[in-house]
Structure formats: C-alpha cells, structure tokens
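Here is the structure we will look at, set down as structure tokens.
No hydrogens, no waters, no symmetry mates; every other heavy atom, side chains included, goes into these values. So you know, we letter chains A, B, ... as the sequences are listed, proteins then strands, and number each from 1.
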2 protein chains.
Amino acid sequence: MLTIGKLGEAAGVKVPTIRYYEQIGLLPEAERSSGNQRLYGRRAMEQLAFIRHARDLGFTLEAIRDLLSLSDRPDQSCAAADAIARAQLAEVESRLARLIALKAELERMVVQCAGGRIADCRVIEVLSDHSLCAHDHLSVPKSVDASLALPASTSSSN
Amino acid sequence: MLTIGKLGEAAGVKVPTIRYYEQIGLLPEAERSSGNQRLYGRRAMEQLAFIRHARDLGFTLEAIRDLLSLSDRPDQSCAAADAIARAQLAEVESRLARLIALKAELERMVVQCAGGRIADCRVIEVLSDHSLCAHDHLSVPKSVDASLALPASTSSSN
DNA sequence: CTTGAAGCTATAGTTGCTAGAGACATTAGG
DNA sequence: CCTAATGTCTCTAGCAACTATAGCTTCAAG
Ligand SMILES: [Zn+2]
Ligand SMILES: [Zn+2]
Ligand SMILES: [Zn+2]
Ligand SMILES: [Zn+2]
C-alpha cells in the first residue's frame, strides 16, 4: 500500500492532481489509513498510469473517463474505444494543420523584419493587417471548435 | 462612431469578448453615449483588429498587451516586438514537434487494433503501457511548459 | 518526545473567454 | 406617440485541468 506521495512519484503525477482526479470521480475514492490518509494498491497504480499516459497523448479527462470504464469490461467490443482514439487522432491532425499554417506565417513575419524602428517593423505591420499574410491560418471553423487546447500539458512528473 | 455590436461585427469579435478586453485593460475604456453605451472610433477598430489577428496567430493576451504598447512607440527599436514574435514561433514549433509525435503514436494504436474485444484492444493496451509506444511523446520539459495550450481557439467571429 | 516532512480539507487562482439574469436604451413599425 | 423587438448595460458564474495557499493533523526519524 502506497501513500499518495509515493504513488505520485511512481506514476509521475503530482499529489494535488491525484486528489483532483479522485474529487472529480476519475479515480475511485481511496482507502484510508487509521489516521485518514489515502492508501493505494496496485490497481490504483495501474489506473493512474493509464490516465497519465492518456493525458500525455492529449486525451481529455472526459475521454479518459470513458476509456477507463470501457477497460473495465474486457468482453465487450472495443469499437467505442477505437472511436475515441480515432477522434483524438482527428483532433491532433486538425491542430497540426493549424499550427503548420501559424508557423509559416510567423516565420514570414520574423524573417521579413529588417529590425529597425517599430514604425517599420514587419511584425507590427503584419499583425495590423491580415491581408499581408500569405495564407489562411484562420480561426477554426465552428465544428472543430470545442476543446482545441492542448491539455495544458502540465509539466510531467510529481 | 460604432456601437459595440457593429464593432464586433466589423472586427469578427464577439461583443462580450470586447467588453472582456476592456475589463482586463487590453482595450482602453470606450467613450460612452448619453445613454451609457460604448462608442468606438477608427482607432479602437484598428486595435481590435490587431488583437484579433494576433490571437489568430496564437499570441497570448499578455504578449498582445506588450505588442500593443510597443506599437504605440513608433520610434523605438523593434527588437522587443521581434523577440515576442520569435518566442511565439518557438512556442508553435515546440507544440508542433509534440503534436507530430502524438499523431504518430495515435496512428500506430488505431492501425494496430484489429477490432475485437476490449481485452485485446490495442488502444487500451498501449494506454496501459507506455513501453509499447514507439517513441517519446513525453510530457513537455519544464522550461517549455507554461501556456502550452493553443488559445482555446474560440471559433472566429462575432 | 520532538521536530520536520508529508498528509488532510477547503478555497481561490490560472487563461480566454462564454452564458445567464435582470434592467435600461435605441430603433422600426403601426 | 406607443409598443415591441432588439441591443446594450452590469454582475456573476462557469468551462478545462489543474496549481497554489492556508491552517490544520499525522507520521517517521532521531
Ligand atoms: Zn521588427
Ligand atoms: Zn493573417
Ligand atoms: Zn480496439
Ligand atoms: Zn506512450
């Protein structure tokens, strides 16, 4: 039985994050010691590692919640799990496409600036006028909108 | 003089967002009509368009705040502005690198799943064990950490 | 037995907005 | 001129996924 600190260390997850996961019901309520401290066994370890890995791959907590509950039913079809993974892949691909456009536009502005006064700064100029941009880099269309953010990739370990 | 609705329409920014920008001091307090409604002139229009464009390129509001105040001092060196843009480029490049790794890993898991029962699902297997991953896709090193999220790219216009 | 680290709960802050309530302003139509 | 519809006002709360703080209790080492 591990304390929360040891568990966090083992799984590469910060202690408050573990408590947060429990609070939102992503992890089951932990057993408690006589002195009211959380205690974890192998099962909790595995679940937390699963969560951590899925977060690293960019899955939302909601998706992870679903994946966890699926993984509890080994005999069912994995179609739902695969669908979640494919959706995540699509998400990543769409972000990727957008970032590639952003990168091109940012490179253009940085390269074009000769580095004089603000009045002649290409960076400021381009930001003032999108028609100076080579291509689109537009805001994302509504359908793709929700949860675009890369899960605040909260620097690794404990 | 435009009302806030017209301004939002013109700049492709939602009305509450404009009020929010004023609230956090990114836009100056607007003039008011006799009936206490905000009125905007050409200057506000340009500033808002600048903000919108910079947001589209992924700059944080903090960075935009700095860029705006720089653009108010046309005679100064543009080194600071260029530095902000280069930092943003670096940000984008780092996210890009990470997303490329994620994409590869997600593709691998999706492709490898034969689609049977959960017990044999490659998606679940891989999530349970990072050593099944081909490469790193690790959480971002501490230094690059803050504000990794793509500015919740809150679908364009008004 | 004492001390310091680790744990506990509860609350608030982060980013960049978005949504709602309830009141006032403006404008178009009859 | 009155009314209804829309627009705007302020204020507050909510989203994701944590992180940080305060003020306590418990535990392990010496
Ligand atoms: Zn410049
Ligand atoms: Zn542009
Ligand atoms: Zn599968
Ligand atoms: Zn992995």
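Proximity of A:Tyr20 to the phosphate of D:dA16: no side-chain N or O atom is located under 4.0 Å from OP1 or OP2. For B:Lys14 and C:dC17, the shortest distance from a side-chain N or O to OP1 or OP2 is not below 4.0 Å. Remark: B:Thr17 is not in phosphate contact with C:dG16, judged by side-chain N or O atoms under 4.0 Å from OP1 or OP2. The phosphate of C:dT26 (OP1 or OP2) has a side-chain N or O of B:Ser33 nearer than 4.0 angstrom. The side chain of A:Thr3 places no N or O atom within less than 4.0 Å of a non-bridging phosphate oxygen (OP1 or OP2) of C:dA6. When the side-chain nitrogen and oxygen atoms of A:Arg32 are compared with OP1 and OP2 of C:dG7, none of them lie within a distance under 4.0 Å. Using a 4.0 Å cut-off, some side-chain N or O of B:Tyr21 falls inside it from OP1 or OP2 of C:dC17.
A:His53 and B:His137 have parallel rings, their planes meeting at less than 30° on a 0 to 90° scale where 60° marks the start of perpendicular.
As a whole-Å value, the separation of A:Leu2 CG from C:dA6 P is 15 Å. Rounded to whole angstrom, the span from the CD1 atom of B:Ile64 across to the P atom of C:dG16 amounts to 8 Å. Rounded to whole Å, atom C1' of C:dG13 lies 15 Å from atom CD1 of B:Ile24. Computed from coordinates, the B:Leu7 CG to D:dT8 C1' distance equals 14 Å when rounded to whole Å. The distance between atom CE of B:Met1 and atom C1' of C:dT26, rounded to the nearest whole Å, is 18 Å. When the P atom of D:dC11 is taken as reference, atom CZ of B:Arg19 falls 12 Å away, rounded to whole Å. A straight line from NZ of B:Lys6 to C1' of C:dT26 spans 12 Å, rounded to a whole angstrom. Per the geometry, CD1 belonging to B:Ile18 stands 9 Å off P belonging to D:dT8, to the nearest Å.
Contacts between residues 34-49 of chain A and DNA chain C, counted as heavy-atom distances below 4.0 Å, involve A:Asn36, A:Gln37, A:Arg38.
Ranked by how close their nearest DNA chain C nucleotide is to the 5' end, A:Gln23 and B:Leu61 are led by A:Gln23.
Evaluation of the ring pair (Phe, Tyr, Trp, His ring centres under 6.0 Å) test over residues 62-97 of chain A, restricted to residues two or more places apart or in two chains, returns none.
For B:Thr60, whose side chain is taken as the heavy atoms from C-beta onward, the closest listed nucleotide among C:dT18, D:dT8, C:dG16 is C:dG16.
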If you look only at distance, which donor and acceptor atoms sit under 3.5 Å apart when one is on a side chain in residues 101-111 of chain A and the other is two or more places apart or in another chain?
{"residue": "A:Lys103", "atom": "NZ", "partner": "A:Glu107", "partner atom": "OE2", "Å": "3.3"}
{"residue": "A:Glu105", "atom": "OE1", "partner": "A:Ala134", "partner atom": "N", "Å": "3.3"}
{"residue": "A:Glu105", "atom": "OE1", "partner": "A:His135", "partner atom": "N", "Å": "3.2"}
{"residue": "A:Glu105", "atom": "OE2", "partner": "A:Arg108", "partner atom": "NE", "Å": "3.1"}
{"residue": "A:Glu105", "atom": "OE2", "partner": "A:Ala134", "partner atom": "N", "Å": "3.1"}
{"residue": "A:Arg108", "atom": "NH2", "partner": "A:Leu132", "partner atom": "O", "Å": "2.6"}

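Under the side-chain contact (heavy atoms from CB on, under 4.5 Å) rule, A:Ile51 has a single partner from A:Val13, A:Thr17, A:Leu27, which is A:Leu27.
For B:Arg42, there are no side chain to side chain donor-acceptor pair (under 3.5 Å) partners, not counting sequence neighbours. Applying the side-chain contact (heavy atoms from CB on, under 4.5 Å) rule to A:Tyr20 yields the partners A:Ile24, A:Leu61; only residues at least two apart in sequence or on another chain are considered. For the side chain to side chain donor-acceptor pair (under 3.5 Å) test, no residue two or more places apart in sequence or in another chain qualifies with A:Ser69.
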